[in-house]
Amino acid sequence: MRKKIIAGNWKMHKTATEALALATEIIQMANDELHNQAHLVLIPPFVHLHSLSKLTAASSRVALGAQNCHHETQGAFTGEVSAAMLAAVPVQYVIVGHSERREYFQETPAQIAQKIDLLLAHHLTPIFCCGESLAVREAGNAYGYVSSQVIDSLFHLSPEAMAQVVIAYEPIWAIGTGKTATSTQAQEMHWHIRQEIAKKYGESLALNLSILYGGSMKPDNAADLLACPDVDGGLVGGASLQSRDFINIAKAVH
Ligand code: 13P
């Protein structure tokens, strides 16, 4: 049975007070209202990880994640945060290769691969993001493009390491645009990613991997997306900033 995960990527939102309030509300609502098998992950900015870890440590339903880490173990990299630091908080999940980091911070597939290695060495779960731009989709190259992203940053892993990874398919044209992939588009790409992994690592490993969808997931479209056989959860941006919306998305997991 694949793990069903609803992760909230808060991106660069929420002050310390706001972050504590949001996390407290989500944990309370999860305790009171969430009766399915969804695992929640809160992914706030780095500065809130320590204070939120005190809340998530007491919750069996809600884990903590970080939005990024540096690709070197340590050193003179002003402004950066290492995998070891995140493991010590502790967080359980770390996003790697988000399209915003690939685009605005020029992250390369090789750096993303290095980050994944470091995270796995610290027993952290990477949430590896992939997804094509509108131009790539309209040119008919979406499947090949996403395959390359997966191959370039993940296929150096041993089967044991690969089995620890969570994948998030986030079509860039659907992020923050209000334009969601249809459930058919999401299912087709998730199936494609799973087949790609099955070809390299075998059917059984691929069938056990959680593949999340991200891109304008909201309470009113979550049920359709999460009903797809190969969609195992969501990586939610905007709607994760409201406790009610986030919990209602999590309730759509079945
Ligand atoms: P939105 O849900 O705001 O489209 O963001 C998706 C995302 O980028 C999550 O990582």
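Just so you know, ligand 1 is whichever comes first in the structure, and atom 1 is the first atom listed for that ligand. Positions are given from 1, in the same order as the sequence printed here. As a basis for the values below, the full set of heavy atoms in this structure was taken, side chains included, without hydrogen atoms, waters or symmetry mates.
- Checked against a 3.5 angstrom limit, the closest N/O atoms of Ser216 and ligand 1 fall inside it.
- In this structure a side-chain-to-backbone donor-acceptor pair under 3.5 Å is missing from Glu103 to Glu100.
- Protein heavy atom in closest approach to atom 2 (O) of ligand 1: Gly237 N, 2.9 Å.
- With sequence neighbours excluded, the residues satisfying side chain to side chain donor-acceptor pair (under 3.5 Å) with Lys54 are His50.
- Closest heavy-atom approach to atom 7 (C) of ligand 1 among the candidates Met217, Glu170, Lys179: Glu170.
- With a 4.0 Å heavy-atom cut-off, ligand 1 is reached by no atom of Ala168.
- Between His70 and Phe77, the ring planes lie tilted relative to each other; the angle falls in the 30° to 60° range.
- Summary of contacts: the protein heavy atom closest to atom 3 (O) of ligand 1 is Gly238 N, 2.8 Å.
- Between Val236 and ligand 1, not a single N/O pair is under 3.5 Å apart.
- The backbone N or O of Tyr145 lies less than 3.5 Å from no partner atom in the side chain of Glu132, so there is not a single donor-acceptor pair.
- Ion pair Glu33/Arg244 flagged as a salt bridge, since at least one NZ, NE, NH1 or NH2 atom sits closer than 4.0 Å to an Asp/Glu carboxylate oxygen.
- Any N or O atom pair closer than 3.5 Å counts here, and Asn9 shares at least one such pair with ligand 1.
- Close N/O approach between His98 and ligand 1 is found [any backbone or side-chain N/O within under 3.5 Å].
- Using a 4.0 angstrom heavy-atom cutoff, Lys11 counts as in contact with ligand 1.
- Considering both main-chain and side-chain atoms, Ala239 never comes within under 3.5 Å of ligand 1 through any nitrogen or oxygen pair.
- With sequence neighbours excluded, the residues forming a side chain to side chain donor-acceptor pair (under 3.5 Å) with Glu170 are His98, listed by chain and number.
- A salt bridge does not link Arg102 with Glu107: every distance from a Lys NZ or Arg NE/NH1/NH2 to an Asp or Glu carboxylate oxygen is 4.0 Å or more.
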